[in-house]
Amino acid sequence: MGYTLAQKIIQSHLISGAMTKGEQIEIKIDQTLAQDLTGILVAQFIGAVNPKALRTEKTVFYCDHNVIAATSEAADDHLFLRTTAERYGGCISKTGNGICHFLHCQRFAAPGRTLLGSDSHTPTSGAVGMLAIGSGGLTVAECTMGEGFKLTTPLMMQVELTGKLRPGVAAKDVALEIMRLLTVKGGRGYILEYTGDGVSTLSVSERATIANMSVETGAFTGIFPVDEQTRSFLRAQQREDDYIELAADADAVYDKTLHIDLSKLEPLVAKPHMPDHVSTVAQAGSVIPNSVFIGSCTNGSYLDIARAARILKGRKVNKHIDLTIGPGSKQVLAQLIEEGIIQDLVHAGARIIECGCGPCIGIGQVPCFQGIAVRTSNRNFPGRSGTNDASVYLVSPETAAATAVNGYLTDPRTLISVGMMDGLEEPKTCPVDDYGIITPRDVPTSEKIQVIQGPNISDLPTRGTVREEITGRISLKAGDNITTDDIVPSNPDTIKYNANIPRVAEYTFTYVDPDFVGRAREMKHSAIVGGDNYGQGSSRESAALLPMYLGVEVLLVKSYARIHKENLFNYGIIPLVFCDPLDYEHISVGDDYVIHNVKQSIESGEFVLEFPAKGLQIAARLEASEFDKKLLLLGGALNYLMSKN
Ligand code: F3S
């Protein structure tokens with residue numbers, strides 16, 4: 001029996017364990033990435049351990065989210081990341097140089113290597129045949145300092161692509177079709193491996209869009225085979241030396257297979273408020289947006305923007321639409337300028353914004369009250385745009401451009417004439433310029449660098465080892481599909497105070513339950529009850545850290561999203577699941593509970609929560625590896641790493 005492509009990479013990086021279904025394994029991580037929101041904790045963690053040197057081949061910090069620095073806090077964060085990278089031998093991508101995922105794919109991603117990023121869309125680098133996985137910042141910091149990445153052996157899902165996309169139908173429509181088929185939960189436990197003759201028709205930029213959104217299904221990652229498209233992309237990036245031959249064995253066995261005929265796809269849209277709420281654009285009904293955004297790590301490539309520009313060229317943006325375009329990297333921007341495409345966009349009435357995340361996460365272009373936005377980004381959870389009652393529709397760049405022209409959600413094929421999109425392809429040469437990346441070579445005396453931690457960056461909160469008996473009250477009862485945006489909303493305030501834990505803690509769950517913070521503080525020790533797929537979405541570990549800071553010690557839910565569960569272990573919160581999901585109905589906010597023999601329960605994985613006032617006992621399970629149990633007993637990953645160093 002042969003190996004899949006992902007299994008080959010795992011096998012070649014295996015540190016411990018056997019690659020058998022359900023088994024815990026540990027793999028070596030070659031590269032890590034972190035960005036200016038989640039990366040602060042990575043940097044703090046590295047600083048707390050103070051290693052002699054970083055142990056990865058490449059560690060790259062990106063200043064890409066809070067690029068405008070409307071207040072000093074963001075500039076402080078960027079300075080902190082830069083001085084940490086310089087002090088410990090990492091690379092730093094300067095503010096405005098581009099969005100971490102697409103830029104990493106351009107400048108660092110390599111076939112057959114492993115990447116762990118403190119951002120859920122790290123799988124973007126799977127476009128070049130790299131095993132690229134998102135995780136929490138503490139886990140990334142650990143791997144940066146030489147630990148292996150621990151995971152349950154993933155299942156393999158083959159996504160077989162056949163045929164060829166028709167003009168006006170884009171890679172984003174493939175990604176949305178996968179969302180329609182798998183939903184936000186259907187990929188859990190899997191790596192999505194793209195195969196089939198349709199793959200060779202997709203450029204690396206298009207693959208990046210699909211790999212990027214693989215994570216929205218709950219999957220570990222998505223990965224594409226290495227082929228001539230990969231070689232051509234790496235050559236254009238002046239990195240052909242990174243090319244290696246790598247493919248799944250002909251007799252590779254997959255646990256599940258999806259088939260998608262590219263030639264049958266139509267332009268699709270994910271309607272509010274989930275990326276799996278997908279219909280065709282033609283059937284979506286009347287949608288009249290206030291704004292349109294083309295960009296993000298999903299659709300900020302040269303090809304994305306050039307295709308949108310082809311539709312906009314010679315036309316005007318509707319007068320009631322605010323169209324903003326954010327290139328994914330400086331290199332993309334330079335190429336668009338060199339080819340006169342920016343000129344076409346500006347003449348059409350588009351606003352060009354910096355190469356950064358921006359509107360995707362509510363940093364600028366925040367919709368108006370009850371606003372409607374059409375965007376090419378990857379998430380449309382409530383509040384993600386910075387306005388809780390806004391409605392966000394996710395589409396391809398072509399659909400976004402056509403919508404901007406007409407003023408209503410439009411199937412781009414109605415504006416595309418025969419031959420109009422001809423000749424648009426992935427560039428064979430690119431204006432490569434790494435001036436915006438500071439590498440260890442630029443800092444010969446790193447040991448003399450002082451890490452500068454601005455006043456807005458609070459110290460890492462720690463907790464002691466686990467208590468033998470846990471008592472507390474239920475501080476929140478949440479429903480299904482709670483996102484990390486629900487737990488820590490992304491808006492200008494939370495982003496500004498991202499590194500200031502006492503300040504940002506005030507926003508915890510504000511959109512879900514505005515009384516949560518006060519209640520949790522008053523209870524001092526508490527537990528949260530939730531439904532299915534708790535913690536889906538972004539990797540932000542503040543969604544574990546802030547509840548911990550507010551005294552949450554236990555979570556009891558029906559199921560978890562992978563990265564969030566890892567973060568809970570890292571911060572010493574015990575993540576339990578109901579043995580009988582119907583017990584969810586019996587618990588209310590304010591209920592007192594007690595858990596006896598906590599250490600023994602962690603070891604055995606079997607818990608009983610007693611609710612004395614109700615005369616109720618609820619059985620719960622801890623699904624954890626031996627390492628996860630160790631973290632819980634020690635009170636979290638920081639205590640673990642400090643105990644080792
Ligand atoms: Fe940035 Fe949005 Fe991607 S916040 S990393 S562009 S998901």
Side-chain angles (χ1 to χ4, degrees), residues 33-40 42 60-68 74 77 81 93 95-106 109 115 117-127 132-135 137 140 172 175 179 184 205 208-217 221-222 270 275 293-301 304-305 324-329 332 353-366 373 375-381 383-386 392 394 397 400 483-485 488-492 494-495 498 536-543 563:
L33 73 77
Q35 35 87 342
D36 52 343
L37 297 189
T38 60
I40 299 298
V42 177
V60 192
F61 290 93
Y62 291 88
C63 299
D64 60 350
H65 280 60
N66 207 355
V67 291
I68 52 173
D77 292 351
L81 287 188
S93 175
T95 313
N97 196 40
I99 306 173
C100 54
H101 306 305
F102 191 66
L103 187 50
H104 201 87
C105 197
Q106 288 183 314
L115 166 69
S118 68
D119 189 291
S120 54
H121 293 100
T122 301
T124 312
S125 287
I133 300 175
S135 190
V140 170
K172 182 61 162 283
M179 292 311 303
V184 292
S205 296
T209 298
I210 299 167
N212 172 284
M213 281 198 70
S214 302
V215 72
E216 303 304 331
T217 67
T221 186
F293 167 61
I294 300 173
S296 84
C297 59
T298 315
N299 281 126
S301 73
D304 287 324
I305 298 172
T324 45
I325 297 180
S329 71
V332 169
I353 58 171
E354 256 200 287
C355 307
C357 299
C360 173
I361 195 165
I363 302 176
Q365 285 70 41
V366 173
R375 298 186 162 185
T376 64
S377 43
N378 46 43
R379 287 185 175 143
N380 56 353
F381 304 144
R384 168 84 182 183
S385 62
V392 175
L394 306 176
T483 71
T484 49
D485 283 270
V488 187
S490 59
N491 63 40
T494 55
I495 285 160
N498 165 58
Q536 68 158 326
S538 117
S539 69
R540 73 191 67 154
E541 60 201 300
S542 50
I563 300 178

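Keep in mind that this is a model prediction, so the values were computed, not measured. Counting starts at 1 for both ligands and their atoms, in listed order.
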Notebook entry, point to check: Any donor and acceptor pair, going by atom type alone, linking the side chain of T494 with main-chain N or O of P489 inside 3.5 Å?
Noted result: yes
Check your understanding: Would you say K172's side chain and T376's backbone share a donor-acceptor pair under 3.5 angstrom?
Key -> yes
### Message
Under a 3.5 Å distance rule, please check whether T221 uses its side chain to pair with a backbone N or O of I133 as donor and acceptor.
### Response
no
So for R384 against ligand 1, with non-hydrogen atoms under 4.0 Å, the contacting part is side chain
Protein-side N, O or S atoms sitting under 2.8 Å from atom 3 (Fe) of ligand 1 are C297 SG
Honestly, for H65 the part within reach of ligand 1 (heavy atoms, under 4.0 Å) is side chain
Notebook entry, point to check: Is a donor on one side and an acceptor on the other found under 3.5 Å between the side chain of R379 and the backbone of R384?
Noted result: no
Margin query: For T298, is there any backbone N or O sitting under 3.5 Å from a side-chain donor or acceptor partner on T209?
Written below: yes
Across all chains, not counting sequence neighbours, the salt bridge (Lys or Arg N to Asp or Glu O under 4.0 Å) partners of D36 are none
### Task
Check whether any side-chain heavy atom of S490 sits under 4.5 Å from a side-chain heavy atom of R540, and report yes or no.
yes
